[in-house]
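Below is one structure, written out as structure tokens; the observations come after it.
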Amino acid sequence: MSYFFIIIISIIAVGAILAFVRFVKGPTAADRVVALDTISFMAIALMVFLGFVLERFIYIDVSLVYAVLGFVGVITIARYLEGGI
Amino acid sequence: MQDFLTYGIYGTAIFLMLLGVYAVLVKRNLIKIVIGLSILDSGLHLLFVAIGFISGGTAPIFSPMAIESANKMVDPVPQALVLTAIVIGFGVTAVALALVIRLYRHHNTINIDEIKNLKW
Amino acid sequence: MKKLLIFGLLIFIGVEILDVLSEVPFGEDRMKVSNFYLEKSPEVLKVSNVVTAIVVNFRGFDTLGEVTVLFLAAAGIGSILYRRRSVHTELNPKRTSTEASNIVQAGAKVLFPLIILLGAYIFVHGHLTPGGGFQGGAIIATGFLLMLISYRKFFVKHSGVTWIESIAGIVFVGLGLLGMVYGGTFLENFLPAGELNSLISGGIIGIIYIAVGFKVGAELTGVLDTLLNISQDEE
Amino acid sequence: MMNSKISVISKLFFTWLIVFVLWLAFTTSIEIYEVLTGLFISFIISLFTFKSFTSRGLKGLSPIKLIYVIKYIFVFLIALVKANFHVAKIVLSPSLPINPGIVEFESKLDSDFAKMILANSITLTPGTLSVDVIGNRFYIHWLEVKDSDSEVAFNEIAKQFEDVLLKIYS
Amino acid sequence: MIVIEYLAYFLITLGAVFLFLGALGIFRMPDIYTRIQAGTKSSTLGAMSLVLGTGLLGFVSFTPGYPWLIKTIIIVIFVAIANPLSSHALARGAYKDKIAPFTKENIDAYQEVEKNIEEEMEDAK
Amino acid sequence: MMNSLFLLLFILFGSAILSYIGHRISETLGNIIVVVGAFSASIWFFVGFETPAEFSYKIADFDALWSFSSYSWIFAALVSILSPLALLYSTSYMKGKERLGTFYFNFFLSILGMIGITMSQDFISLFIFWEIMTWSSYLIVIYLGKDVEKVGIKYMIFSAIGAYALLMGIVLINREVGSLLIEDAFAYFPQIQFSTQLLIGILLLIGFSIKSAMMPLHVWAPGAYSNSPMSYTAVFSGALSKMGIYGLGLVFIRLLSSGEFTLINEIFAWAGAITTLMATFYAIIQDDAKKLLAYSSIGQLGYIIVGVAIGTELSIMAAIYLAILHAAFKGNLFMAIGAVEKQTGSTDMTLVTGLIRKMPLTFFSTLVSIIALAAVPPLGGFVGKWMLYQSLLASEHFFLIIVIFTASTAAFLYSFKILYSLFLGQEEPEFKNIKEAPLPMLIPMILLSLFLIVTGTFPGILFEPIANGMKYLGFNDVNWNMSLLVNAWGDEVNLQHVSMYIGTIFIVAFIFISLKNRKRTRYVTTKDISTSGEIPLPHENLSFKLNFYKPFERAISPVMKKTMDSIYDEIGNGLNALFQFIRYIYSGNGQGYALYVIIFFVLLLLLKNQIFGL
Amino acid sequence: MVIADPIYYIVLPLLTAFLLPLFGKLYKPLIGIIPGFVFLFLAYMSVILMIDIRPDNPIITKIAGWTPPFGINLVFSSFSGFIASLISIMGFLIWAYSYKFKKVGFDDSLKYFILLLLVVTGSIGIVLTGDIFNLFVFLEITGISAYALTALYRGRDGAEAAFKFLLIGAFASSMILLAIILLYTQVGTLNMAEISVRMHEVDLKIKVLIFILFFVGFGIEAEMFPLNGWVPDAYSQAPGPIAAVFAGMVAKAGIYALVRIIYLMFDLEGAFHLLLIMGVITMIIAEVVALRQEALRRMLAYSSIGQMGLIMIAFSFNTEQGVFAAIFLMFNHAIIKSLLFLTTSFLVYNTKTKLISDLDGFGKKMPLVSLLFGLGAFAIVGLPPFSGFWSKLYVLIAAANQHMEVIIALILSVSVVEIIYYFKVISRLYFRKASEEIPIQKPSLNSSIVMIVLGLIIISVGVYPDLITGLIENATTSLLNKDLYIEKILPGLAEIIN
Ligand code: NA
Ligand code: NA
């Protein structure tokens with residue numbers, strides 16, 4: 001179990017680093033948002049997974065909330081980019 | 001490992017705080033200054049949560065799926081306090097943004113250098 | 001030059017604070033009063049979420065202050081940004097093109113009640129699961145935010161917001177005062193604590209957190225509405 | 001007049017039902033207080049959201065349509081998996097063999113919700129991304145434009161989804 | 001039960017790999033639209049898969065296990081609805097923010113629409 | 001039954017309030033209240049209560065005590081005589097002016113302050129009354145709104161410096177003595193460490209000497225004296241400045257009595273002497289009678305300071321004697337000038353002229369005062385000077401004598417200038433219709449003139465209370481008997497006789513000269529071209545008063561060029577520039593302010609080892 | 001449930017603030033009237049409570065039934081009670097002054113009264129709470145309402161001032177929060193009494209950093225140099241009564257917090273030296289800058305800073321006399337500066353340019369207001385027989401007894417500067433002719449009464465200081481007796497701590 005866990009974490013961590021590089025590089029705000037969005041999806045997934053590993057069902061709620069906030073956040077920025085706010 | 005965590009996590013928190021302060025002190029754009037304040041807050045909140053962490057501890061919730069013994073839980077007080085701090089930070093940020101809007105209306109700019117009617 | 005100076009100052013501060021923090025190792029058990037909370041929360045208050053027990057009861061006074069801060073922020077923004085009457089009657093023609101796409105609008109319609117429900121779920125279960133009144137309220141406001149940015153004509157009834165936040169505030173303070181009447185101290189938990197991990201537990205804690213949820217939701221929504229609609233209204 | 005009155009109640013009940021079911025899913029509990037609270041809260045929420053939440057109310061729950069919904073999910077999932085591997089191949093190949101562009105086509109759907117489902121499905125199937133929908137016209141960013149002609153684009157991108165959606169939203 | 005468990009492991013692995021691929025896509029693709037294409041969507045799919053896998057695993061590992069499944073499915077549904085919306089909104093936002101798409105054959109049907117809107121705005125002034 | 005001391009203050013305070021209200025209603029009513037209040041306070045002071053009356057109380061944990069000492073009684077009496085006269089004079093002088101209520105309110109308050117100072121036997125009451133006196137007089141100085149920025153602020157700055165020097169001395173006394181009762185301070189002072197004694201002494205001396213306009217702390221005085229309404233200046237110069245003298249006496253004689261402070265005595269004596277000399281020079285070159293009198297006041301106070309600072313029995317007596325006389329003749333002079341101003345509208349000596357026929361009584365009181373001022377026998381000024389010279393001789397201050405004598409001689413010059421310019425000389429047609437000053441103004445002047453004549457003829461009248469006061473100061477057996485004083489060489493001199501002999505000679509000479517010149521006097525106006533061989537421009541003022549002491553002015557100009565005024569101005573300008581620079585700290589830049597916070601934080605971090613001893 | 005309980009200081013204004021929008025919907029004038037009743041009740045309660053309070057019987061109010069250190073508690077001691085009473089009475093006066101407050105560009109009385117209620121509550125909360133984090137919360141309530149109030153007027157540069165205020169205030173709260181975090185890691189509690197007990201366990205290095213953070217953080221609120229850039233702007237842009245609130249309440253709460261930290265929580269000798277140095281610098285710079293001001297309100301603002309510096313100096317002596325003097329100064333400054341700001345509000349309103357040079361002849365145009373301004377000026381510079389004299393005297397006596405002759409000389413020199421700039425204004429008010437006749441807005445009856453009451457307090461205390469010295473003595477004893485404070489809050493100390 002723990003090996004599996006570590007492997008999964010590692011794969012995602014490498015991905016997160018790639019996304020983070022994009023986040024830093026940009027070049028546009030939209031690029032950064034995309035990168036951040038990807039990282040937050042990783043976090044959502046990992047949180048659920050972590051809940052399983054730590055045997056804490058309640059972590060799933062946290063992940064759901066995180067998903068909602070991330071979604072509305074991206075929409076908001078997108079609306080800002082298109083001049084809607 | 002312990003040292004790495006100590007310096008890594010605290011270092012991140014402090015880095016965020018200082019980044020925020022830097023933005024506040026250097027950026028000319030009022031919005032960016034407000035963002036700087038938020039980043040400063042975030043660093044503080046991160047630090048606050050971090051100091052409440054206890055190795056191997058879980059969320060301080062006695063849920064029915066897995067009734068935990070209290071000694072395996074992290075310190076709940078910083079979490080409660082940071083909640084308060086976040087809400088307060090939100091309040092300040094909101095007021096700051098409102099002020100920025102007012103300033104923009106009044107001066108037609110959000111460059112802090114051009115907003116200096118009051119001095120000496 | 002100035003930037004360099006600032007940079008140097010900040011580095012110095014960072015090093016100093018980190019130096020001190022190095023004597024506060026990460027992950028160590030430093031709990032003192034917290035042990036009391038971890039013990040009393042399930043035993044006496046029958047609240048499984050200890051953070052909630054602290055937030056609403058042990059340190060409920062802080063939370064009253066916190067609720068006040070939000071109320072204050074809403075009032076403050078209202079006073080800083082006065083609203084023009086014309087905002088909702090006449091949209092700026094320049095802006096019609098920047099209405100959100102139909103797809104986003106349709107999605108927002110569907111997701112709106114679900115997000116509200118999630119918020120409600122979170123503050124109703126504040127004493128059982130992670131989150132509580134503030135988090136739930138924030139999610140509700142997020143739902144409104146989604147609507148506000150998707151529909152330019154969507155607006156929040158400020159009188160409704162006022163009623164909700166006022167009544168919720170009165171419930172909070174009123175329950176606190178009832179605590180004085182029946183228990184002797186402000187915010188004292190005078191209702192039966194119930195059974196751990198059932199919805200009806202924790203006495204006034206759950207009720208207060210629901211009130212907080214309503215209040216926070218209403219206030220944040222009001223704040224968002226004010227900020228968004230004001231920024232659309234150009235000089 | 002009668003029709004619209006019924007449809008209000010129908011809409012309300014439909015919304016209430018959906019929201020309440022979701023509540024049950026959230027709580028994963030049928031404890032009496034939970035259920036009562038859920039009924040109450042979902043009613044309140046549906047009260048001020050039902051108008052925008054649904055346009056057809058309880059009609060959406062007819063069994064035939066549910067079958068089509070399930071069919072749609074299958075069609076969608078298959079397309080999804082197929083296309084995902086396709087993209088994986090692109091991303092992993094060193095030369096990055098893409099030919100991106102924005103194409104347009106028209107859809108016969110008229111419900112906003114249906115259009116949203118279609119747009120979402122297009123977006124989720126890799127290789128395509130809905131940029132905008134204006135009226136019935138869909139503007140799609142396509143990773144590998146095969147033909148900029150709208151007929152071809154429609155057949156390649158949307159046809160399989162639209163067919164099922166038309167059945168659901170008839 | 002064991003089948004479900006293996007399916008779960010498969011989904012989790014698949015999810016992790018897709019998350020990684022999504023990130024790689026974001027990293028490699030030439031412009032914002034292609035990044036949205038390859039990036040967020042793959043990562044969404046990855047997240048859905050990983051979450052669902054975990055739900056299945058929880059379903060078989062705990063008693064009662066059904067809450068795990070139900071909750072994770074809620075997340076999956078939410079992600080399935082919300083993510084394409086945000087991808088779409090972001091793409092539209094980027095376009096209206098004057099970020100021209102990278103094209104090899106200059107295929108851009110949306111260009112004209114934008115032009116018309118801009119002209120309308122000029123008239124409105 | 002109300003304590004009689006308290007009642008005295010109560011009368012004054014009541015008069016202040018009532019006259020304010022009265023003047024709000026009608027000027028006549030207000031004037032009646034003013035006069036009645038002033039005289040009843042005065043009468044109450046002299047006949048209403050026994051001198052050893054006491055009033056002790058506790059305020060904010062301090063023991064406070066009111067009672068007149070035999071020494072302070074002299075000064076209180078001086079105030080009580082001069083102030084009702086000045087107020088009576090004022091009712092006419094101030095006729096028709098605006099905001100009279102405020103004026104009389106402050107007038108009474110400053111009288112209250114002076115009386116309070118003299119009755120305070122503890123430092124806390126003394127300081128409170130001192131400040132009341134100061135701010136009320138400030139409000140009168142700027143009352144007419146002339147040169148408010150320059151004169152008013154200057155007065156206030158110097159008063160504040162003086163008061164705060166006083167206050168610092170007081171709190172140090174409190175620390176060292178543990179009590180603020182003046183008697184306690186006297187008793188325990190010698191036990192204090194020498195350096196602290198010195199510090200306290202200097203502080204108190206600075207405080208008191210500013211009020212008595214000692215150089216180089218005098219610069220407030222000319223403006224303040226000449227800018228106040230003359231009815232107040234009479235009291236201001238006559239009585240208020242004596243409060244400083246009162247304090248100097250206390251400090252020099254009672255506190256710094258241990259004999260280790262002779263250097264301070266010397267310094268102050270010299271400062272007094274130089275004050276006299278310089279102020280006299282300045283007085284000579286003034287063209288405005290008010291200014292002239294103002295400088296003259298400063299000069300006269302200089303003599304008194306010399307007397308106090310020398311600190312011998314005779315010198316103190318001389319100082320007190322001169323103080324009383326100065327109050328009378330300077331009060332009288334200011335009133336006379338005020339009368340001139342009132343009747344002619346000006347006190348410019350180059351314009352006003354030939355008033356002797358129009359205002360004979362005013363001339364008379366001016367003449368009497370001038371004689372007293374110039375120390376010409378038979379009036380009292382001579383006696384005071386005589387005593388002062390004797391005391392200086394006895395204490396072997398020969399150089400001081402030279403300085404003072406020079407000053408005294410020079411004082412003749414300005415005395416003559418004022419007398420000649422205003423009253424004698426050519427008559428101007430524009431002053432044809434001038435009338436003598438009204439009765440309420442004349443009565444005080446006449447009374448003061450009589451006072452001067454009587455005390456000049458019988459100087460012994462003043463010696464009794466002075467000798468009483470000397471007892472308080474520690475000189476227990478003052479050797480005096482009505483008119484007899486022992487001079488430095490042990491001879492007995494009957495001052496009265498000396499004064500009378502010399503006086504008779506002067507009067508005879510004066511009458512002789514007047515009669516002789518009477519027939520030859522031809523009256524011409526200042527614009528009469530026949531007086532000069534040159535062709536004048538029309539309307540040019542040809543009066544030779546324009547350059548009355550021009551040669552003298554030329555002679556002293558190198559000394560006068562760098563006035564104290566300009567030095568203070570330079571200091572003020574420098575400070576202002578510095579302050580302006582400091583002001584730029586508040587740049588108005590929010591980010592800058594935030595940066596200050598960070599810099600301050602870093603500074604504290606850097607200095608934490610020093611501050612917290614890590 | 002008792003009639004007078006310190007909890008009401010917080011709860012009633014909050015409840016009122018929450019309710020006020022509803023009252024407004026019922027009947028508009030209630031918006032102005034209801035807060036008055038609340039303030040009146042609090043002022044009345046203050047009197048009732050202060051009668052019985054002695055240094056040895058502070059009221060400890062538990063909240064939610066938990067004894068300290070587990071629950072938050074309020075401490076109404078002779079010291080905190082005195083300041084809280086002062087604030088609540090000032091609150092009532094400010095309300096009475098402004099309840100019919102209507103000026104051009106300001107019609108939102110609802111927001112005004114909500115913010116006023118909350119700024120008062122926040123200030124009182126800072127003073128009464130026994131919990132360091134709760135103090136932070138109240139500090140924020142005070143801060144945010146202050147920012148909003150600063151920007152209340154639309155025609156002015158209030159937003160600019162408020163933004164600066166907010167910027168610096170945010171730094172302050174961050175520092176205080178960081179200090180609380182660090183402190184929590186060391187002592188594991190937030191109760192100030194328990195922190196005080198445990199403080200000796202804390203490593204000196206950490207303790208000093210925590211102290212510096214608190215010092216800077218509260219220093220901002222206490223208007224310490226160089227943290228006070230916000231003061232002149234905020235004071236000059238906020239509505240007149242609000243400037244009085246800042247001077248009379250917010251700054252007082254700030255210095256209170258600072259003093260509480262130094263005297264109760266930390267056992268650092270260096271803290272007093274630091275406070276002394278900063279007090280001196282603050283005082284000198286502020287007064288010197290005040291001298292160079294052309295605008296009346298800015299001048300008053302700098303003068304306020306100067307007074308705060310003096311209060312810091314007095315507190316820094318760490319002696320009974322010093323503390324006594326400081327508390328007396330706090331009282332005087334609250335009363336006198338409020339009077340000055342309230343009168344200035346009318347003066348400035350009638351000038352249009354707000355410059356001192358525009359005040360010529362106002363003594364005649366606005367006799368009452370000018371007279372009261374003059375009274376306030378006389379009192380604030382410490383002229384007898386007004387109340388400011390006594391506090392200044394006590395400061396000097398305290399300094400003298402510490403053998404700080406230089407400090408005395410500095411204080412007095414600065415007082416001379418103070419006299420110069422205040423008298424400049426007075427001489428303009430009274431002894432200059434008005435340049436032109438402009439219509440004058442006379443103060444309303446309620447405003448006049450409030451100003452007169454303040455003036456009477458100044459005179460009464462000046463003539464008979466013993467009116468107030470008893471209370472101040474008790475307050476002094478209460479602040480200096482740290483052990484008593486701890487014993488009263490944590491009675492079974494040994495039992496709980498071990
Ligand atoms: Na909280
Ligand atoms: Na919670």
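A note on names: the letters A, B, ... follow the listed sequences, proteins ahead of strands, and every chain is numbered from 1.
Top candidate by heavy-atom pairs under 4.5 Å with chain A, chosen from R28(E), M48(E), R35(E), is R35(E). Top candidate by heavy-atom pairs under 4.5 Å with chain E, chosen from V68(A), I77(A), I7(A), is V68(A). When each of S43(E), G15(E), G55(E), G25(E) is checked for heavy-atom pairs under 4.5 Å with chain A, S43(E) comes out on top. Ranking S86(E), G46(E), A47(E) against chain A, the residue ahead of the rest is S86(E), based on heavy-atom pairs under 4.5 Å. Ranked by heavy-atom pairs shorter than 4.5 Å toward chain E, the options L64(A), L46(A), V72(A) are led by L64(A).
To the nearest 0.5 Å, atom CG of residue D37(A) and atom CG of residue L90(E) are 7.5 Å apart. The OG1 atom of T54(E) sits 7.5 Å away from the CZ atom of F52(A) when rounded to the nearest 0.5 Å.
The shortest side-chain heavy-atom distance between T28(A) and D97(E) does not fall under the 4.5 Å cut-off. Considering only heavy atoms from C-beta on, F20(E) comes within 4.5 Å of L18(A) through its side chain. L50(E) has its side chain out of reach of M42(A): every pair of non-hydrogen atoms, C-beta onward, lies at least 4.5 Å apart.
Taking the centre of each ring, F57(A) and F62(E) stay at or above the 6.0 Å mark.
Both the backbone and the side chain of D31(A) come within less than 4.5 Å of a heavy atom in chain E. Both the backbone and the side chain of I60(A) come within less than 4.5 Å of a heavy atom of chain E. With a 4.5 Å cut-off on non-hydrogen atoms, V34(A) touches chain E through its backbone and its side chain both. Only the side chain of S61(E) comes within less than 4.5 Å of a heavy atom in chain A; its backbone stays farther off.
Across all non-hydrogen atoms, the minimal contact from S63(A) to I75(E) is OG-CD1, 3.4 Å. Of all the heavy atoms in I99(E) and A30(A), the pair that sits closest is CD1-CB, 4.5 Å. In terms of heavy atoms, I26(E) sits closest to R22(A) at O-NE, 2.9 Å. Residues A89(E) and E82(A) share a closest heavy-atom pair of O-OE1, 4.3 Å.
For OH of Y80(A), the number of neighbouring non-hydrogen atoms (other residues, nucleotides, ligands) closer than 6.0 Å is 12 at most.
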Hey, mind stepping through N83(E) and F41(A) against side-chain contact (heavy atoms from CB on, under 4.5 Å) and telling me if it holds? CA-CA 10 Å; N83(E) 181 66; F41(A) 273 114; 3.3 Å; yes

Using the rule given for side-chain contact (heavy atoms from CB on, under 4.5 Å), can you reason through I8(A) versus I12(E), listing the C-alpha separation, both sets of side-chain angles and the distance that settles it, and then say yes or no? CA-CA 8 Å; I8(A) 298 294; I12(E) 291 171; 3.7 Å; yes

Run the side-chain contact (heavy atoms from CB on, under 4.5 Å) test on T38(A) and L19(E) for me, step by step, so that the C-alpha distance in whole Å, both residues' side-chain angles and the decisive distance to 0.1 Å come before the verdict. CA-CA 8 Å; T38(A) 306; L19(E) 277 170; 5.6 Å; no

Would V79(E) and F71(A) satisfy side-chain contact (heavy atoms from CB on, under 4.5 Å), going step by step from the backbone distance to the final call? CA-CA 9 Å; V79(E) 171; F71(A) 163 66; over 6 Å; no

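A cation-pi contact, defined as under 6.0 Å to the ring centre and within 45° of the axis, links K25(A) to F27(E).
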